[in-house]
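Here the structure is laid out as structure tokens; the discussion comes afterwards.
Labels below follow one simple rule: chain letters A, B, ... track the order of the sequence lines, proteins then strands, and each chain is numbered from 1.
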Protein chains: 2
Amino acid sequence: MSRSDLAGRLAISKAGMTAIVRDLLERGLVEEKELIRRQGRPAVRLCLKASAASLIGVSLQSDPVRVVLTDLRGEVLRSVHVQRHLEITACCDSLAEAVQKIQENLPDDIGPVMGIGVAQPGFVSRDRRICLASTVFGWKDVNVADPLSERTGFPVRIENDANVLALGELLFGEYAEERTHFSLVCLADGVGSGHVLGGRLQHGAHGGAGEIAHSPLVLDTADALPCRCGNRGCLETISSLKAMQGAARLAGLPEDIHLLSDVAMKGDPGALRILHRGAGALGLALAQMVQMLDPEQVIVALPEPLRAGLFGIVLKQEVERHVLRRAGQQVELILRDLPPDAFAVGAASLAAYRFLHGADPE
Amino acid sequence: MSRSDLAGRLAISKAGMTAIVRDLLERGLVEEKELIRRQGRPAVRLCLKASAASLIGVSLQSDPVRVVLTDLRGEVLRSVHVQRHLEITACCDSLAEAVQKIQENLPDDIGPVMGIGVAQPGFVSRDRRICLASTVFGWKDVNVADPLSERTGFPVRIENDANVLALGELLFGEYAEERTHFSLVCLADGVGSGHVLGGRLQHGAHGGAGEIAHSPLVLDTADALPCRCGNRGCLETISSLKAMQGAARLAGLPEDIHLLSDVAMKGDPGALRILHRGAGALGLALAQMVQMLDPEQVIVALPEPLRAGLFGIVLKQEVERHVLRRAGQQVELILRDLPPDAFAVGAASLAAYRFLHGADPE
DNA sequence: TTTATTTAATTCAATTGATAAACCAAAGAC
DNA sequence: GTCTTTGGTTTATCAATTGAATTAAATAAA
């Protein structure tokens, strides 16, 4: 936007805007771009300078751990893999090493690193320093941010992996400006989601907002599958990759999701049933989500073969069947790929948010 | 809080706080209360003066329509009933009359009326002036706020009935200060809910946040009851008063919810099944809600006989079964009565919010 | 009892920050 | 070419905010 657009939008005088923009230009945070021609003197389009700072994003979601260096727009400048350690000290040590490594011989045109964001499966404290609980790591009330901050010298914040993905969409997404009410669901080994409502990432009272993996889906639990959480009929037991792969193994079908999708497309009733059931349950959960939160978009990030194949088709059908018939509300359902760097880039957005807003989300 | 507490909390200098409080005292918005003794000079506790302004709340939720006059703490000063009209002009006319009537011969110690809030079943636009859709009234894109504002001379805002109940809890509730992450569910003829996350009432992209009535609960819809929304297996078809009363009628049991509850307590298998099924479905929906939003409290407002009887017991059991087993999260489930004025008082809180914050929620 | 200490709240000079109004600049409209 | 429109800057002015000094009112210590 131009100075005068911004002055109008932010309810600040033109004079004030001039002063603010001058300051930002001097500090190299903003740059002047092309002229916008309307009637009268053309306006100078201002743009956040992506190279003003860079951020480090760490994804503990997968093994090996991914560490990326991004600019302020979420473009990946560098990427490093490290082995995942489940013990906190070893984990921080190896991460600190990776952070060191990713900064080696940085060219001059890359802005200074301003912070580290960490994406983690599990619950995170409100100040985003402490992992309250993580089944994968076996952690409980473990301070992750401070040790890593001590070792690296950068401010560190941690957040749930699915939430970070939603935050990444809010900050780095292609349509970031227009998107203020959306939920982002990611389907991988497990199922997770994050909600952005009114432009704010929702964290919940105990960092558990968006946790749909153990959402109880089945009213009559007697014939539902048991879940590792101790209940029966959780979404994860039906729709997660692991669940569908497990069901395929039991049925003597290929475990690989690509092959399973192919077999289903060719008409195999067992494979059809598994994918249909998975997509149906996820569709139901999404419909409940839409009903409860009334988002503008629901973005589902999932592996390519699922998106393109039967699973994606059924998912869209199911959501439409349950949701779109309702009055007035149009929800946009967006299926997209889940690239391997996505969580790490999302984690970087957590650091970017801190740098840009001068405070943590919420 | 005292001046210096507030100065610290709001990051304002003590000098500034003195000036602000003086202004508020002069305008009669705040009053000095008792001294708080710690070490050093005692602090003067400041308190919002409840009688500084009064608000009018209108509930279109029931027939007859309820109109209340409240102070800034939500205490009901007066209450009036009017017949409900479904046609917009007649509706506004009768409401304007009631608003006129409730203001007649106001004693001097009651603050000036500062606005009107209207609670309405259905969807409401983001600016809270237009009813986007209401099945009860048959309205679609009907401007409710402006005609009523013209007739009465007060600013008018409308909001979904369940949402104003949640807003009322946020502003007027006994524990309002501590409660920033909660969901409030009301069970009446229909089922509704409102979410307050991070101290903000969630409206959703199209005013539909909190609408759980048509949340699809049943995975296998073949044997589920059809709903007036066109789908099958909605929460409303199982747990609403109407649904349970309907089921009771079919089973030859008393329709009155009090009697039905009694019969169930005495062991009637049909009544037990109906209440059990209703509470079970609502419990499942609440568990999904908790899973998705991670609130600190879930407050369920429902008729006395349901709360005290079997329904309440089963509801608590079901929520615990699905939720409380999860790691780390403690959710407080609060069952309470749903007094007849609740929606109107909630509506008044919408006007109070506007007066206190100088802007609408969110 | 007296004195010191602590915290609350006010006063006031000084500073900062934001603004309105005037002005310059650069385009299209006429 | 001149006028109009819009963008952006400069500057004098005004108001909001603050820091430091001060007064006030209590408790703790001597």
Students often get this wrong, so: under 4.0 angstrom with heavy atoms, is [X] touching a base, only sugar-phosphate, or nothing?
| X | result |
| --- | --- |
| A:S4 | sugar-phosphate |
| B:V21 | nothing |
| A:A43 | sugar-phosphate |

Report the distance from atom [atom1] of [X] to atom [atom2] of [N], rounded to the nearest whole Å.
| X | N | atom1 | atom2 | answer |
| --- | --- | --- | --- | --- |
| B:L46 | C:dA9 | CG | C1' | 11 Å |
| A:L35 | C:dG28 | CG | P | 11 Å |
| B:I20 | C:dT10 | CD1 | P | 12 Å |
| A:L6 | D:dT9 | CG | P | 12 Å |
| B:D23 | D:dT17 | CG | P | 11 Å |
| B:L10 | D:dT17 | CG | P | 12 Å |
| B:M1 | C:dT7 | CE | C1' | 15 Å |

| query | Are any non-hydrogen side-chain atoms of A:H203 and A:V124 less than 4.5 angstrom apart? | reply |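 A:H203 reaches A:V124 side chain to side chain.
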| said: Using side-chain heavy atoms (C-beta onward) and a distance below 4.5 Å, is A:P339 in contact with A:D341? | reply: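 They are not in contact (no side-chain heavy atoms under 4.5 Å apart), so the answer is no.
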| query | Does A:E174 CD have over 12 foreign heavy atoms under 6.0 Å away? | reply |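 Not buried by this count: 12 neighbours or fewer within 6.0 Å.
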| message | With a 4.0 Å cutoff (strictly under), does any side-chain N or O of B:R22 reach OP1 or OP2 of C:dT11? | response |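 Checking B:R22 against C:dT11: at least one side-chain N or O falls below 4.0 Å of OP1 or OP2.
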Nearest to side-chain heavy atoms of [X], which nucleotide of [options]:
| X | options | result |
| --- | --- | --- |
| B:R41 | D:dG7, D:dA24, D:dG19 | D:dA24 |
| A:S13 | D:dT18, C:dA20, D:dT9 | C:dA20 |
| A:V44 | D:dT6, D:dG8, C:dA9 | D:dG8 |
| A:T18 | D:dA28, D:dA26, D:dT10 | D:dT10 |
| B:R3 | C:dA26, C:dA9, C:dT19 | C:dA9 |

| request: Among B:L201, B:N160, B:L184, B:V196, find the one that has a side-chain contact (heavy atoms from CB on, under 4.5 Å) with B:L167. | output: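 That would be B:L201; it is the only one of B:L201, B:N160, B:L184, B:V196 passing the side-chain contact (heavy atoms from CB on, under 4.5 Å) with B:L167.
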Any side-chain to backbone donor/acceptor pair from [X] onto [Y]? Under 3.5 Å, distance only.
| X | Y | value |
| --- | --- | --- |
| B:R78 | B:I102 | yes |
| B:D71 | B:S51 | no |
| A:R151 | A:P147 | yes |

| request: Would you mind telling me which residue lines up with the more 5' stretch of DNA chain C, A:M17 or B:S2, judged by nearest nucleotide? | output: B:S2
| query | When you match B:R37 and A:K14 each to their closest nucleotide on DNA chain D, which lands nearer the 5' end? | reply |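 First, find each residue's nearest nucleotide; the 5'-ward one identifies A:K14.
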| request: Tell me which of B:G40 and A:R38 sits closer to the 5' end of DNA chain D, going by the nucleotide each one is nearest to. | output: A:R38
| said: Between B:R45 and B:E34 (salt bridge meaning N to carboxylate O under 4.0 Å), is one present in this structure? | reply: yes
| said: Please give me every residue in residues 24-32 of chain A whose heavy atoms get under 4.0 Å of an atom in DNA chain C, ordered by residue number. | reply: none
